[in-house]
Participant: 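Let me begin by handing over the structure; questions about it come next.
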Amino acid sequence: MTLADSVTQWYDINARDLPWRVPGTSAWAVLVSEVMLQQTPVVRVTPAWHAWMERWPTPADLTQDPPSEAIRMWGRLGYPRRAMRLHACAVAIVERHGGRVPDDLDQLLALPGVGTYTARAVATFAYGQRHPVVDTNVRRVVSRAVAGDPDAGPATTTADLAAMAELLPIEPARAARASIAFMELGAIVCTARSPRCGVCPFEQVCAWHQSGAPAPAGPTRKTQKYAGTDRQVRGLLLEVLRHATGPVPRQRLDTVWADEVQRARALSGLVTDGLVEPLDSDADRFVLAGDHPPRFPPLS
DNA sequence: AACGCGTGGAG
DNA sequence: TCTCCAAGCGT
């Protein structure tokens, strides 16, 4: 039995019951889930996805609201640029594709915030096409089971896709099933920290497990700091702006971080990224992108 | 090809 | 506490 067959059988029994996997889920709903899942765990995505889909069931619905609403709806999922890009994505889908999420890989790739993984995930899981779909889970599973390496190195798209293509069944529906199964295995069994080899369908054939499941060799990749970085300051600034019911005076934003230089850099970064806009020409009040009056009617 | 980009939970 | 890391993308 092939690895794909083996993991698919395992998936049939052990797959989590995730809402975007329900048959008949729209391509838009799949796309939203994939973007939310970029670097954010399932447990935090699930409620946000339900709320988002209820409010904006189609791309056209989302385009009826400004990006600021998408950023607010994003809540604390992290990397709020994704919310902005998802909004831009909806606009592009309406403008270029008549409001329907494209099924063509290159057209998907051309959408804002849609990269190699997400484009292939949508084409595969929403449209049933046969493409290698390689995320961090798949890279780890293949790295261990096939190559015998404890961890996959940095993503090397071309090689990873080629390696995965070798493992996929020919029939598109079965290939799609195998891809989601590999991902699921990496997510809940062949995990980064403490893999549960005892319940893994690959236990008897896994090159890594057969060689004693050695720990990674040299120094792991350097851990990224958060506390004290611009990212933290951006998060604090955005937190204020998300909850604001009107334009936020610069003075208010000044309270979130003591270091003036860093604070100014973080704010200008948010403006550069398009998440935040100065409301006045002298930049003493700020709003989330698109949050212009008449949302905030003048007091008069 | 590294790096910047949020947030919160687990070990 | 602190470190790691969770279905990446864009530059």
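Chain identifiers are assigned alphabetically (A, B, ...) following the order of the sequence lines, protein sequences preceding nucleic acid strands; residue numbering begins at 1 within each chain. Note that the structure is predicted; figures quoted are calculated from it, not measured.
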Participant: Expressed in whole Å, how much space separates the C1' atoms belonging to C:dT1 and B:dG8?
Facilitator: 16 Å
Participant: So which nucleotide from B:dT7, C:dA7, B:dC5 ends up closest to the side chain of A:Tyr226?
Facilitator: B:dT7
Participant: So, does A:Gln39 get its side chain near the phosphate of C:dG8, meaning an N or O under 4.0 Å from OP1 or OP2?
Facilitator: yes
Participant: Can you tell me the distance, in whole Å, between the CG atom of A:Asp160 and the C1' atom of C:dG8?
Facilitator: 13 Å
Participant: Looking at B:dG4, I'd like to know if its phosphate oxygens (OP1 or OP2) sit under 4.0 Å from a side-chain N or O belonging to A:Arg265.
Facilitator: no
Participant: For atom P, what is the distance between C:dC2 and B:dC5, given to the nearest Å?
Facilitator: 22 Å
Participant: Whether A:Asp230 and A:Arg265 form a salt bridge (side-chain N of Lys/Arg under 4.0 Å from carboxylate O of Asp/Glu) is what I want to check.
Facilitator: yes
Participant: Does the side chain of A:Asp5 come under 3.5 Å of the side chain of A:Thr2 through a donor N or O and an acceptor N or O?
Facilitator: yes
Participant: Hey, does the side chain of A:Arg250 reach the backbone of A:Ala283 with a donor-acceptor pair shorter than 3.5 angstrom?
Facilitator: yes
Participant: Quick one: the side chain of A:Ser194 and the base of B:dG11, do they pair up donor-acceptor inside 3.5 Å?
Facilitator: no
Participant: Classify the nucleic acid contact of A:Pro154 as base, sugar-phosphate or nothing, counting any heavy atom under 4.0 Å across all strands shown.
Facilitator: nothing
Participant: Does atom CZ (A:Arg196) have a neighbourhood of more than 12 heavy atoms from anything else shown, all under 6.0 Å?
Facilitator: no
Participant: Considering heavy-atom distances to DNA chain C, does A:Met183 or A:Arg193 have its closest nucleotide positioned more toward the 5' end?
Facilitator: A:Arg193
Participant: Just how far, in rounded Å, is C1' of C:dC5 from CZ of A:Arg139?
Facilitator: 13 Å
Participant: Closer to the 5' end of DNA chain C via nearest nucleotide, is it A:Glu34 or A:Gly113?
Facilitator: A:Glu34
Participant: If the condition is side-chain contact (heavy atoms from CB on, under 4.5 Å), which residues does A:Pro102 pass it with, not counting sequence neighbours?
Facilitator: A:Ile93, A:His97, A:Gln107, A:Leu108, A:Leu111
Participant: Between A:Thr40 and B:dG6, is there a side-chain N or O to OP1/OP2 distance below 4.0 Å?
Facilitator: no
Participant: Tell me which residues in residues 73-80 of chain A lie within less than 4.0 Å of DNA chain B, going by non-hydrogen atoms.
Facilitator: A:Arg76, A:Leu77, A:Gly78, A:Tyr79, A:Pro80
Participant: It should be established whether A:Arg140 places a side-chain nitrogen or oxygen under 4.0 Å from OP1 or OP2 of nucleotide C:dA6.
Facilitator: yes
Participant: Have a look at A:Val114 and say if it touches a base, only the backbone sugar-phosphate, or nothing, with a 4.0 Å heavy-atom cut-off.
Facilitator: sugar-phosphate
Participant: Consider side-chain contact (heavy atoms from CB on, under 4.5 Å). Of A:Cys200, A:Cys190, A:Cys197, which one does A:Arg144 pass it with?
Facilitator: A:Cys190
Participant: For a side-chain contact (heavy atoms from CB on, under 4.5 Å) with A:Trp28, tell me which candidate from A:Leu31, A:Thr25, A:Val30 qualifies.
Facilitator: A:Leu31
Participant: Rounded to the nearest Å, what distance is computed from the CG atom of residue A:Asp273 to the C1' atom of nucleotide B:dC5?
Facilitator: 8 Å
Participant: Answer with base, sugar-phosphate or nothing: what part of the nucleic acid does A:Leu18 contact at a heavy-atom distance below 4.0 Å?
Facilitator: base
Participant: What interatomic distance, in whole Å, is found between P of C:dA6 and the corresponding atom of B:dA1?
Facilitator: 23 Å
Participant: Looking at A:Arg44 and B:dT7, is any side-chain donor or acceptor paired with a base atom of the opposite kind under 3.5 Å?
Facilitator: yes
Participant: Both A:Leu275 and A:Val43 contact DNA chain B. Which one's nearest nucleotide lies toward the 5' end?
Facilitator: A:Leu275
Participant: Looking at C:dT3, C:dA7, B:dC5, which one has an atom nearest to any side-chain atom of A:Arg231?
Facilitator: B:dC5
Participant: NA contact type, A:Ala192, heavy-atom cut-off 4.0 Å: base, sugar-phosphate, or nothing?
Facilitator: sugar-phosphate
Participant: Can we say A:Arg85 and A:Asp273 salt-bridge, meaning some charged N sits less than 4.0 Å from an Asp/Glu carboxylate O?
Facilitator: no
Participant: Which part of the nucleic acid, if any, lies within contact of A:Ala187, taking any heavy atom under 4.0 Å across all strands shown: a base, the sugar-phosphate backbone alone, or nothing?
Facilitator: sugar-phosphate
Participant: When the C1' atoms of B:dG11 and C:dA7 are considered, how many whole Å apart are they?
Facilitator: 22 Å
Participant: Using a cut-off of less than 4.0 Å, is there contact between a side-chain N or O of A:Lys225 and OP1 or OP2 of C:dT3?
Facilitator: yes
